[in-house]
**Q** 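Can you keep this structure in mind? I'll have questions shortly.
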Amino acid sequence: MTNKIKIKIDGKEIITDQGKTIVEAAHENGIFIPTLCNFAGALPKGCCRMCTIKINNRFMTSCTTPAAHGMEVENNTNEINDFRKGIIELLFVSGNHFCPSCEKSGNCELQALAYRYQMMVPRFPYDFPMKSVDGSSPYIIKDQNRCILCKRCIKTIKDDLGRHYFAFKERGHKLEVLLDEKMGKEISSALAKKAMENCPVGSIIFKEVGFEVPIGQRKYDHKPIGSEIEN
Amino acid sequence: MEKKIIATTSLAGCFGCHMSVLDIDERILELIELVEFNKSPVDDIKTFTKPVDIGIIEGGCCNSENVEVLRSFRKNCKILISLGECAIMGGLPALRNGIPIEECLNEAYINGPTVGLNTQHILPNDDELPMLLDKVYPCHEIVKIDYYLPGCPPSAELIWDALVALITGSKLDLPYEVIKFD
Ligand code: SF4
Ligand code: SF4
Ligand code: FES
């Protein structure tokens, strides 16, 4: 039997099961908390900080924090939303995001969050770092210019033996997520497609087809990200 | 109401944003009731002849001439708008950022597969030509910019709504669908 608990988000009381994270509890109850690195079905890692909320006046990541009975959560406040917008802006300036020429445009979660939070221009200077593109796999283009290091591909794309196709290389500002050269050559077309789907941005591009869905029919063309959750 | 004075320019852009201004279609007739164009490719006035209310910048800065023009816009316009991705973040011209300029020039004029006619391997070096900058700069990294209208190109709706709001001093409500980066 699961234990039901009550928490408050922005003053609204919701009921959830003990053991759920705050993000899960919120989304089940029609309250949107933005996420990037969190991925349903994979262990949360708390690395992007998009899902930041406040509890007891402290910033916490809601994808890694379990809901506890009586908890009072601040979510949709100007302060927190500006903090989230700042993270989006940092991600834009620290990579090379040329949306007009990106195949993920219109279906990209980072871009959709920028729309939702009305990023007209990042407040930080553009870095324009030199990044590489690896097209050696028959099915995947791994473009480091757009990688936000969220680890979703590492966590979710594995072969039958549980071996990872993607992995971290280097550390700090040199950190990159690479597609293993040998495994990348052997990856199936279906798994490559799934890798592109699981990547929130356009860092993993499936080869063979491109720009399949026309502008106007893409995921975030008409409705903001999160509107599928909100009620 | 006195007409507002508008100036526009295309720096390192493709003129797509100017085309998008024309996409306001028949509302252009309403627009000319509200504004008068000064320096702009629209009317081919080459130099500022009076103080301008709203300057609209398409394109980022890739060479010394772009910087000069942008600074003259800042000097002559009360309000400056960065229109489109190139003005806001460099856009496609900024794909060269990070690549040493010598490499870019060699690829474009000496080593590229389509430069067969340049048998003497000459890099453009006429004094009349503006100097290329080390990278393509977003406009707000050169001068202060007051407003940003994203898109590649920004939609005619966004341009129209923003201009009308600025000219008439009304509040600008941006529907979700008009802010796009592509
Ligand atoms: S990954 Fe997303 S934000 Fe980056 S260029 Fe592509 S569409 Fe734009
Ligand atoms: S490739 Fe995509 S899924 Fe993998 S870490 Fe980079 S952004 Fe995340
Ligand atoms: S979604 Fe919680 S830290 Fe990334």
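So you know, we letter chains A, B, ... as the sequences are listed, proteins then strands, and number each from 1. Computed over heavy atoms, backbone and side chain alike; hydrogens, waters and symmetry mates excluded.
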**Q** Counting only heavy atoms not in Lys54(A), do more than 12 fall under 6.0 Å of its NZ?
**A**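 Counting other residues, nucleotides and ligands, NZ of Lys54(A) exceeds 12 neighbours.
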**Q** Taking the side chain as C-beta and beyond, is there a heavy-atom pair between Ser101(A) and Leu92(B) under 4.5 Å?
**A**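 When only atoms from C-beta onward are counted, Leu92(B) and Ser101(A) do touch, with a gap below 4.5 Å.
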**Q** Quick one: pull up NZ in Lys180(B) and CG in Asp221(A) and give me the separation to the nearest 0.5 Å.
**A**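 Between Lys180(B) NZ and Asp221(A) CG, I get 5.0 Å after rounding to 0.5 Å.
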**Q** Measure Tyr176(B) against the heavy atoms of chain A and call it side chain, backbone, both or neither at under 4.5 Å.
**A**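 Contact with chain A is through the side chain of Tyr176(B) alone.
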**Q** Taking atom OH as the centre, does Tyr147(B) end up with more than 12 heavy-atom neighbours from other residues, nucleotides or ligands that are less than 6.0 angstrom away?
**A**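 No, not enclosed.
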**Q** Is Glu68(B) atom CD crowded by more than 12 heavy atoms from other residues, nucleotides or ligands, each under 6.0 Å away?
**A**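 No, CD of Glu68(B) has 12 or fewer neighbouring heavy atoms, counting only those of other groups under 6.0 Å.
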**Q** Counting neighbours of CD on Glu170(A) that are heavy atoms of other residues, nucleotides or ligands and sit closer than 6.0 Å, is the number greater than 12?
**A**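 Result for CD/Glu170(A): enclosed.
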**Q** If you count heavy-atom pairs under 4.5 Å with chain A, which of Lys135(B), Glu177(B), His140(B) comes out on top?
**A**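 Highest number of heavy-atom pairs under 4.5 Å: Glu177(B).
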**Q** May I ask you to check whether over 12 heavy atoms, not counting those of Asn78(A), lie within 6.0 Å of atom CG?
**A**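 12 or below, so no.
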**Q** Could you work out, with side chain to side chain donor-acceptor pair (under 3.5 Å) as the rule, every residue matching Asp82(A), not counting sequence neighbours?
**A**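 Checked Asp82(A) against side chain to side chain donor-acceptor pair (under 3.5 Å); matches are Arg123(A).
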**Q** Nearest 0.5 Å, what's the CE-OH distance between Met119(A) and Tyr148(B)?
**A**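 Interatomic distance, Met119(A) CE to Tyr148(B) OH, rounded to 0.5 Å: 11.5 Å.
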**Q** At under 4.5 Å between heavy atoms, what parts of residues 87-100 of chain A are in contact with chain B? List them by residue number.
**A**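 Only Phe92(A), His97(A), Phe98(A), Cys99(A), Pro100(A) of residues 87-100 of chain A have a heavy atom under 4.5 Å from chain B.
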**Q** Within a reach of under 6.0 Å around NZ of Lys78(B), are more than 12 heavy atoms found that belong to other residues, nucleotides or ligands?
**A**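 Counting neighbours around NZ of Lys78(B), 12 or fewer heavy atoms of other residues, nucleotides or ligands fall under 6.0 Å, so no.
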**Q** Ion pair present between Lys104(A) and Asp182(B), side-chain N to carboxylate O less than 4.0 angstrom?
**A**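 Looking at Lys104(A) and Asp182(B), the cut-off is not met.
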**Q** Does a sphere of radius 6.0 Å around CD in Glu102(B) hold more than 12 heavy atoms from other residues, nucleotides or ligands, not counting ones at 6.0 Å or beyond?
**A**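 Atom CD in Glu102(B) is not packed in, count stays at 12 or less.
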**Q** Using a heavy-atom cutoff of under 4.5 Å, enumerate the residues of residues 199-214 of chain A that contact chain B, numbered in order, or state 'none'.
**A**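 Under the 4.5 Å heavy-atom cut-off, nothing qualifies.
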**Q** Would you say the side chain of Ile179(B) lies within less than 4.5 Å of the side chain of Arg116(A), judging by non-hydrogen atoms?
**A**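 With C-beta onward as the side chain, the pair stays apart.
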**Q** Tabulate, in ascending numerical order, the residues of residues 124-132 of chain A having at least one heavy atom closer than 4.5 Å to a heavy atom of chain B, or enter 'none'.
**A**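 Checking residues 124-132 of chain A against chain B gives Pro125(A), Tyr126(A), Phe128(A), Met130(A).
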**Q** Is chain A contacted by the side chain of Ile145(B), its backbone, both, or neither, given a heavy-atom distance below 4.5 Å?
**A**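 When you check distances to chain A, no heavy atom of Ile145(B) falls under 4.5 Å.
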**Q** Just checking Asp127(B): does its CG atom have more than 12 heavy atoms from other residues, nucleotides or ligands closer to it than 6.0 angstrom?
**A**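 No, the 6.0 Å shell around CG holds no more than 12 heavy atoms from other groups.
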